Peer 1: 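First the structure, then my questions, so here it is.
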Amino acid sequence: MNKVIDIILQMRQLDGQLPKREQRVADFVLANLEQAAYLRQSEIAKAAGVSDATVNRFCISLGCEGFRDFKIRLTQSVAVSLQYLGGPGNDNSVSDQLVVQVFGALVDTLNLVRSQLDSAAIEAAIDLLAGARRIAFFGVGGGSANVAREGANRFFRLGVPAEAHADGYFQRMLASTLEKGDLVFAISQSGSPAELLDSVAIARQYGVRSISLTKRGSELARATDVSIEIDIPEDHDIYKPSASRLAYIAIIDVLAAGTARRRPEQVKEYLRRIRTSLVPLSSDPGPKPIGD
């Protein structure tokens with residue numbers, strides 16, 4: 001089991017899936033986060049109406065080594081999460097509630113994704129990206145297409161010719177022009193769009209390597225040379241923005257940072273050139289975002 005980082009989210013994710021007595025422990029802890037973080041094992045067992053052994057099994061079901069490990073992680077998580085779960089000074093205005101809700105979802109999602117990332121897959125992806133002659137980012141639909149555009153935006157700054165396309169027909173045509181040394185980076189939260197699967201298969205015919213950022217165990221993950229696989233449950237609130245979009249962009253940033261460190265001198269020169277080209281547009285020569 002992956003190392004548990006966000007114990008609160010882990011309990012939420014397993015809600016309704018735990019054995020009946022362990023669920024009683026989860027219900028008590030989630031309803032009394034501040035109090036539970038400082039209770040002994042026997043006190044939690046008594047409050048939940050279960051045995052000490054059940055509490056220990058509950059901790060192991062969450063991915064902890066035992067109650068002591070669970071207690072440490074819960075205390076840490078509560079200390080951080082209360083900032084987003086509404087604490088002292090919250091006037092309960094609509095705007096404050098929205099900020100807490102949206103930012104809380106982002107923090108939860110980023111912590112969940114961090115716990116799922118496979119370091120070997122990240123390293124393998126960076127190897128391919130650092131050695132690529134040209135990178136074609138493919139995504140379909142609003143979220144994945146936007147992440148693809150951000151990928152191209154991040155990598156062209158590193159001196160790697162990069163482009164992003166969301167049109168399925170164009171993806172197929174472009175894939176047929178790629179050659180050995182080029183790279184396809186396919187992005188999909190579902191891992192099933194036919195456009196992406198076809199484009200990866202077409203490019204593979206010509207010796208082109210591929211990376212996917214997608215759902216764990218999906219068809220797209222199986223179709224690419226390297227797959228970065230994560231599972232992000234979507235919030236049932238249809239009005240909230242998708243936190244998974246920002247999690248995907250964060251992963252792109254990790255890959256870009258890793259690629260930059262593989263070719264530091266070239267990257268520094270390209271960044272210097274870009275920054276210099278923007279100097280005439282601003283009287284401030286100090287540190288600023290490249291490209292505003």
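Computed from a predicted structure; not experimentally measured.
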Peer 1: For Tyr270 and Phe156, I'd like to know if the aromatic rings sit close, meaning centre-to-centre distance below 6.0 Å.
Peer 2: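 Not close enough - the centres of the two rings lie 6.0 Å or further apart.
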Peer 1: Centroid-to-centroid, Phe155 to Phe137, below 6.0 Å?
Peer 2: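 Ring centroids of Phe155 and Phe137 are less than 6.0 Å from each other.
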Peer 1: Using salt bridge (Lys or Arg N to Asp or Glu O under 4.0 Å) as the criterion, point out the one residue from Arg263, Arg262, Arg209 that pairs with Asp127.
Peer 2: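 Result for salt bridge (Lys or Arg N to Asp or Glu O under 4.0 Å) with Asp127: Arg262.
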Peer 1: Check Leu196, Ile187, Val200 against Phe138 for a side chain to side chain contact (heavy atoms under 4.5 Å, CB included) and give me the one that passes.
Peer 2: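 Single side chain to side chain contact (heavy atoms under 4.5 Å, CB included) partner of Phe138 among Leu196, Ile187, Val200: Leu196.
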Peer 1: Report the residues that fulfil ring pair (Phe, Tyr, Trp, His ring centres under 6.0 Å) with Tyr248, sequence neighbours left out, ordered by chain and then residue number.
Peer 2: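 Counting only residues at least two positions away or on another chain, Tyr248 forms no ring pair (Phe, Tyr, Trp, His ring centres under 6.0 Å).
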Peer 1: Okay, side chain of Arg24, backbone of Ala48: is any donor-acceptor separation there less than 3.5 Å?
Peer 2: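 Present.
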Peer 1: Do Ser51 and Thr54 have side-chain atoms, one donor and one acceptor, less than 3.5 Å apart?
Peer 2: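 The criterion, which ignores hydrogens and geometry beyond distance, is satisfied for Thr54 and Ser51.
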Peer 1: Using the salt bridge (charged side-chain N to carboxylate O under 4.0 Å, His left out) rule, collect all pairs that involve residues 42-58, keeping only residues at least two apart or in two chains.
Peer 2: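 Every salt bridge (charged side-chain N to carboxylate O under 4.0 Å, His left out) pair that includes a residue of residues 42-58, provided the two are not neighbours, is Arg40-Glu43.
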Peer 1: Would you say Asp15 and Gln23 are linked by a side-chain donor-acceptor pair, where the criterion is simply a distance under 3.5 Å?
Peer 2: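 A donor-acceptor contact under 3.5 Å links the two side chains.
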Peer 1: Test Val184 against every option in Leu174, Ile202, Val208 by the side chain to side chain contact (heavy atoms under 4.5 Å, CB included) rule and name the one that passes.
Peer 2: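 When Leu174, Ile202, Val208 are each tested with Val184, the side chain to side chain contact (heavy atoms under 4.5 Å, CB included) holds only for Val208.
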Peer 1: Do you see a donor-acceptor pair shorter than 3.5 Å between the side chains of Ser190 and Ser192?
Peer 2: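 There is such a pair (donor and acceptor under 3.5 Å, judged by atom type) between the side chains of Ser190 and Ser192.
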Peer 1: Is any side-chain heavy atom of Glu229 closer than 4.5 Å to one of Asp118?
Peer 2: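 Of all side-chain heavy-atom pairs linking Glu229 with Asp118, none is under 4.5 Å.
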